[in-house]
Amino acid sequence: SQSAVQDDPGDGVLAELRGKVRHISKFIVSAFLRASMKHILNDWKTSAFANQGLLFHRLLRPSSCQYRECEEYSVLHHIQNGSYGDVFCIRDKSTGFQCAAKRIPLSHFHSGEVSSWSALNSPRVVELFGVVMEGPNVVLFMELKQACLGQLLRQTTCLPEDLALHYLHQTLEALEHLHNRKVLHLDVKADNVLLSADCRDTFLCDFGLSETLEGSGWSSKAAMGAAFPGTETHMAPEVAGGDRLSAKADVWSSCCMLLHMLNGCQPWIRCYSHPLCVQIVNEPPPLWEVPSNCNNFTAKVFKAGLQKDPERRASAKELRRKTTKALRAVGGLSPSSIHTACEKLLLC
Ligand SMILES: Oc1ccc(F)cc1Nc1nc(-c2ccncc2)cs1
């Protein structure tokens, strides 16, 4: 068992075995979740006050098949609002283990959040620890991170170009992982990019609006235009216009996040008022928002990622390669940029 492997200080063989066991068990859980999520949800809808669920972190300990607030876990503090639900820091009462939890009213929960997320296994995507039905809510548990990029941007005016490109590069790695598995995030923004304690690594989270692509590469659902619940300032023209969605929608949003990091404010709002979707559909791409002093290779990233026609827009993989060149052109990530970020977040 994993604990036996862990007790033994272990040579390479045991450590490798543990990694393989973990990978296989994640695959099994993911397959089980995808196959059974709809059945579990239907069952939950009929038994609204059951406390069914799945926990797959060994430090989240149910007692007599129950995992409830105030009983098996306690809420420590509110973190922020996620998509469709508030996010809290919680502590397991029997192990003391802390993680993040998002409570979603069943009426707002869609199984795509769990089935998309459970299919992922990337160091750039935050890990899902479980999903539990609690009264009229669904509670999702995930690893706790020290802060999120949105918080950093609220604490400072804007980010240095090298740090902004570094965070974009890691976000594009996460999007490549998702898109290779036919998963669209559809809410890429600074509030959904979490940071490690040293501010060097990022983790994509919040799959509340995610969708899984059909074989054609297009989403089965057309975007709902202004009714689409994503973040309007980061909405791709095809999303704002209610057209078919593809992975390229996430690429547009990632460039809006780069504008947010470099300008310290979200795109469009300095020139237009809500609803922005009309402007996003009819106006040229917001290249006028690109800082005039940014590197020429960074300008190339924006030009490739903010193409209004999704067919002409770069893929996550192509944009990541352009971002690598831009990062190199600005001299790479400087340690002082990381340190300043940590100071702003009081993490060091
Ligand atoms: O979709 C979820 C499912 C389960 C969760 F526990 C959280 C989220 N969503 C978010 N979590 C955060 C966050 C988490 C931890 N630290 C800082 C921010 C920001 S949005």
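Both ligands and their constituent atoms are indexed starting at 1 by order of listing.
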Nearest non-hydrogen protein atom to atom 3 (C) of ligand 1, with distance, is Trp117 CZ3, 3.5 Å
(Q) Please tell me whether Phe97 and His57 form a close aromatic pair, meaning their ring centres lie under 6.0 Å apart. (A) yes
Check: Given the rule that I, L, V, M, F, W and Y join up when any side-chain heavy atoms are under 4.5 Å apart, are Leu144 and Phe207 in one cluster?
Finding: no
for atom 9 (N) of ligand 1, nearest protein heavy atom and its distance come out as Asp206 OD2, 3.1 Å
Here the gap from Glu232 atom CD to Ile280 atom CD1, rounded to the nearest 0.5 Å, amounts to 6.0 Å
The protein heavy atom nearest to atom 17 (C) of ligand 1 is Ile79 CG2, 3.6 Å
Here the gap from Leu159 atom CG to Ser337 atom OG, rounded to the nearest 0.5 Å, amounts to 9.0 Å
Looking only at protein heavy atoms, what sits closest to atom 13 (C) of ligand 1 is Leu194 CD2, 3.7 Å
Note: ligand 1 atoms sitting under 4.0 Å from heavy atoms of Glu113 are 1 (O), 2 (C), 3 (C)
For Tyr84 and Glu113, does a side-chain donor sit closer than 3.5 Å to a side-chain acceptor? no
So the atoms of ligand 1 within less than 4.0 Å of a heavy atom of Cys205 turn out to be 10 (C), 11 (N), 12 (C), 19 (C), 20 (S)
Which of parallel (below 30°), tilted (30 to 60°) and perpendicular (above 60°) describes Tyr67 and Phe141? perpendicular
Is Arg124 salt-bridged to Glu176, cutoff N-O under 4.0 Å? no
of all protein heavy atoms, closest to atom 2 (C) of ligand 1 is Lys102 CE, 3.5 Å
Given the options Cys158, Pro160, Pro291, Leu262 meets side-chain contact (heavy atoms from CB on, under 4.5 Å) only with Pro291
To the nearest 0.5 Å, atom CG of Leu128 lies from atom CH2 of Trp117 at 5.0 Å
Check: of Gln151, Met142, Glu143, Lys145, min heavy-atom distance to atom 5 (C) of ligand 1 comes from Met142
So the atoms of ligand 1 within less than 4.0 Å of a heavy atom of Ala101 turn out to be 6 (F)
In ligand 1, the atoms that come under 4.0 Å of a heavy atom of Asn192 are 20 (S)
shortest atom 19 (C) of ligand 1-to-protein heavy-atom contact is with Gln80 NE2, 3.2 Å
With heavy atoms and a 4.0 Å threshold, my read on which part of Ala100 contacts ligand 1 is both
Worksheet entry | Contact check, Gly208 vs ligand 1, heavy-atom distance below 4.0 Å | no
**Asked** Does Phe88 have a non-hydrogen atom less than 4.0 Å from ligand 1?
**Response** no
Worksheet item: Asp191: heavy atom below 4.0 Å from ligand 1, yes or no?
Response: yes
The reported gap from CG in Leu245 to CD in Glu238 (rounded to nearest 0.5 angstrom) is 7.0 Å
| query | Measuring from the heavy atoms of Gln146, does anything fall under 4.0 Å of ligand 1? | reply | no
